[in-house]
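Report on the structure given below.
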Amino acid sequence: MSKNVRVRFAPSPTGPLHIGGVRTALFNYLFAKKHGGDFVLRIEDTDQNRYVEGAEDYIVDALNWCNIPFDEGPEKNEKFGPYRQSERKHLYKQYADQLISEGKAYYAFDTSEQLDAHRKDHEANGKTFIYNWHNREKGRLINSLVLTKEETKAKIEAGETYVVRFKSPQDETLHLKDVIRGNISINTNVLDDKILFKSDGMPTYHLANIVDDHLMEITHVIRGEEWLPSLALHRLLYDAFGWEAPEFAHLPLILKPTGKGKLSKRDGDKLGFPVFPLEYTAPNGTISRGYKEDGYFSDAVVNFLAFLGWNPGTEQELFSLENLISEFDLDRVNKAGARFDPDKTKWFNHQYMQQQLDLDLANTFKAERSELAEIDVNYIALVVGLIKERATFINEFWELSHFFFSAPTSFDEKASKKALKEGTVDIMQKVIEIVTATREFTVQNLESKLKGWITDNEIGFGKVMMPLRLALVGALQGPDVFEIMFMIGKNETVKRIDALIKTI
């Protein structure tokens, strides 16, 4: 690419960042880094009525947790700052004025009540009201196309509320190109004259978006599919200003687990999975779950998000961030919506769990459980190595490993009925003898001596191993019995077997 690639992620600070937004940010980041470009964060806060305190900080924290930090943005490398639209509002009026002076936009003074009356009138006649070429100059609508310059000026000076509308062209075919969706043709006669600017001094999204992308030298606009209907207007605005338009790519929707409809917070609440990267406390005190707090690794979240709409063209599923940067290509982003699969997200987390260092996991595990406060973290790491294959989240470790740290205080009733038979006491007493007599207390020695004794005496393995496991664990679960015996030591092993015998 000849030009330095510059992309932007431009969320509105109206609440927590949905994972659909994180996916958009991720694809922008991957594309920028693949081409040695810049990833810009711009906060689109022109709608002050929906602004939520703390939402901007949440967005930044979420991007940082996902390890996809922005190169430029609020308070960071402000080369084209400011990066909050509310701080840029002084810029936009001159561009609206330019379009008006060149006859490409106009003032409209219609009140919301008048426009509503027009809509109802059209509906009564089986039509849809569109404010554009077919009615803007017929006299029923009040705008500077039908008013004289003096009348228009008088209304503005009198403080009448107005908007600036874009003058969509008539009888043209607009040829658009989307990197993901290919060539698109639009008849301009179906376009309405969108509002660009309001008399309160605030631009609408459309004008502010185009002006900011141009001034910030954005080369590629990678955004959600919901903005596809705006593509025609945005291209027309670039043409109207005589600016070179960036390349556009509209990402597919993230669909509900059923595959029907856009994924929402309600789906997560109903099915028990987060839809936000970080836990979020709303102004009313409502708490929404986050992937971080639910125990997901950020790398796993990034990996599964990358596969929501993109595929590498191979069978490979596990990608580090560096791998994703290397392999990512907008040409491999799908047009169709991507179904969100909660089970697959857990699968990714499980895979990343296996890649973690046991000592790192042990430190986190120890910090989360007060019962482990006095236990050597190196011992905990050995335990983690034995049980992590069965875990998806660190918060599952205690259930899988508590018997490594303390003897069972009771024995599972169902397991006891299955494991404890006539003759179990004698067998367990013999096991105690073998364990006590084993000098080199290793996994291999224990296994060799016990299995040798079982085979020599033609005893069913289940008659020995099930009650032995029950004695050590309190249930018929856990990793290899000989690993458990080695880890807890000879004295503790004998003590636990003896405790089981006393309950029979």
Got [X] and [Y] here, is their nearest side-chain heavy-atom distance under 4.5 Å?
{"X": "Asp360", "Y": "Thr364", "answer": "no"}
{"X": "Leu99", "Y": "Val164", "answer": "no"}
{"X": "Tyr83", "Y": "Leu41", "answer": "no"}
{"X": "Glu293", "Y": "Ser288", "answer": "no"}
{"X": "Leu308", "Y": "Leu305", "answer": "yes"}
{"X": "Ile387", "Y": "Phe404", "answer": "yes"}
{"X": "Phe248", "Y": "Leu228", "answer": "no"}
{"X": "Leu400", "Y": "Lys388", "answer": "no"}

[X] atom [atom1], over 12 foreign heavy atoms within 6.0 Å:
{"X": "Gln354", "atom1": "CD", "answer": "yes"}
{"X": "Lys104", "atom1": "NZ", "answer": "yes"}
{"X": "Glu172", "atom1": "CD", "answer": "yes"}
{"X": "Lys344", "atom1": "NZ", "answer": "yes"}

For this session: Write down the atom of Ile218, the atom of Pro246, and the distance for their closest heavy-atom approach.
Result: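 For Ile218 versus Pro246, the nearest heavy atoms are O-CB, 3.5 Å.
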
Problem set entry | Distance-minimising heavy-atom pair for Val52 and Pro283 |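 Taking every non-hydrogen atom into account, CG1-CG, 4.0 Å.
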
Flag the pair [X] and [Y] as a salt bridge only when some basic side-chain nitrogen lies within less than 4.0 angstrom of an acidic carboxylate oxygen.
{"X": "Asp121", "Y": "Arg140", "value": "yes"}
{"X": "Asp110", "Y": "Arg136", "value": "no"}
{"X": "Glu225", "Y": "Arg181", "value": "yes"}

For this session: Check whether the ring centres of Phe297 and Tyr352 lie less than 6.0 Å apart, and answer yes or no.
Result: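 Between Tyr352 and Phe297, which both carry aromatic rings, the centre distance is not below 6.0 Å.
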
For this session: Going by the ring pair (Phe, Tyr, Trp, His ring centres under 6.0 Å) test, name the single residue among Trp398, Tyr291, Phe365, Tyr296 that passes it with Phe393.
Result: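 The single option meeting the ring pair (Phe, Tyr, Trp, His ring centres under 6.0 Å) with Phe393 is Tyr296.
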
Exercise. Is there a donor-acceptor pair under 3.5 Å between the side chain of Asp38 and the backbone N or O of Arg6?
Worked result: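 It does not hold such a pair.
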
Problem set entry | Side-chain donor or acceptor of Asn323 paired with backbone N/O of Ser320 under 3.5 Å |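 It does hold such a pair.
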
Exercise. Is the NZ or CZ atom of Arg332 both under 6.0 Å from the centre of the six-membered ring of Phe328 and within 45° of that ring's axis?
Worked result: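 Ring-cation test returns no.
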
Exercise. Quick one: does NZ or CZ of Lys76 land under 6.0 Å from the six-membered ring centre of Phe70, within 45 degrees of the ring axis?
Worked result: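 Ring-cation test returns yes.
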
Output the distance between atom [atom1] ([X]) and atom [atom2] ([Y]), rounded to the nearest 0.5 Å.
{"X": "Gln94", "Y": "Gln98", "atom1": "CD", "atom2": "CD", "value": "8.0 Å"}
{"X": "Lys366", "Y": "Phe397", "atom1": "NZ", "atom2": "CZ", "value": "15.5 Å"}
{"X": "Lys194", "Y": "Leu207", "atom1": "NZ", "atom2": "CG", "value": "14.0 Å"}
{"X": "Glu247", "Y": "Phe31", "atom1": "CD", "atom2": "CZ", "value": "7.0 Å"}

Problem set entry | side chain to side chain donor-acceptor pair (under 3.5 Å) partners of residues 198-215, not counting sequence neighbours, each pair once |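 Every side chain to side chain donor-acceptor pair (under 3.5 Å) pair that includes a residue of residues 198-215, provided the two are not neighbours, is Arg8-Asp213, Arg42-Asp213, Gln85-Asp212, Arg88-Asp212, Tyr92-Asp212, Tyr205-Asn209, His206-His234, His214-Trp243.
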
Between [X] and [Y], do the side chains contain an N or O donor and an N or O acceptor separated by less than 3.5 Å?
{"X": "Asp45", "Y": "Ser86", "value": "yes"}
{"X": "Asn77", "Y": "Asp71", "value": "no"}
{"X": "Asp267", "Y": "Ser264", "value": "yes"}

Exercise. Taking only residues two or more places apart in sequence or in another chain, which ones pass side chain to side chain donor-acceptor pair (under 3.5 Å) with Thr128?
Worked result: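 None.
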
For this session: Could you walk me through whether Glu75 and Arg84 pass the salt bridge (charged side-chain N to carboxylate O under 4.0 Å, His left out) test, one step at a time?
Result: CA-CA 10 Å; Glu75 282 84 55; Arg84 295 183 189 93; 2.8 Å; yes

Exercise. Do the rings of Phe304 and Phe348 sit parallel, tilted or perpendicular, given the 30° and 60° boundaries?
Worked result: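 The arrangement is tilted - the two ring planes meet at 30° to 60°.
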
